[in-house]
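Okay, so here's the structure we're looking at.
The figures that follow rest on heavy atoms only: side chains count, while hydrogens, waters and symmetry mates do not. No experiment lies behind these values; they were computed from the predicted model shown.
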Amino acid sequence: MKVFVTGAAGFIGTHLANELIAQGHTVVGFDNLSTGNPESL
């Protein structure tokens, strides 16, 4: 399944995206980086 995660550079978004990837899903992440960590992407 393809999944779009908003806030992907934040704490919750990072963990959510990583778990979805571990389950075999394709993840596209989006974040405006106002408070997130760019290295998390």
Side-chain angles (χ1 to χ4, degrees):
M1 174 188 314
K2 290 183 181 180
V3 181
F4 183 74
V5 176
T6 59
F11 181 80
I12 295 172
T14 300
H15 287 85
L16 175 62
N18 288 337
E19 181 60 30
L20 290 167
I21 291 168
Q23 292 179 13
H25 300 287
T26 300
V27 175
V28 174
F30 176 81
D31 200 298
N32 66 3
L33 300 176
S34 62
T35 60
N37 182 0
E39 295 174 4
S40 297
L41 296 174

(request) Please collect all side chain to side chain donor-acceptor pair (under 3.5 Å) contacts where either partner lies in residues 11-20, sequence neighbours excluded, each pair once. (result) Glu19-Gln23
(request) Identify the two heavy atoms, one from Gly29 and one from Ala8, that lie closest to each other, and give their separation to 0.1 Å. (result) CA-CB, 3.7 Å
(message) List the residues meeting side chain to side chain contact (heavy atoms under 4.5 Å, CB included) with Val3, not counting sequence neighbours, and say none if there are none.
(response) Met1, Val5, Leu20, His25
(request) With sequence neighbours excluded, tell me which residues meet side chain to side chain contact (heavy atoms under 4.5 Å, CB included) with Ile21. (result) Val27
(message) Show the nearest heavy-atom pair for residues Asp31 and Gly10, with the distance to one decimal.
(response) OD2-N, 3.7 Å
(request) Please list, chain by chain and in numerical order, all residues satisfying side chain to side chain donor-acceptor pair (under 3.5 Å) with Thr26, sequence neighbours excluded. (result) none
(request) Any chance you could pull the hydrophobic cluster mates of Ile12, using side-chain heavy atoms under 4.5 angstrom and chaining through other members? (result) Phe11
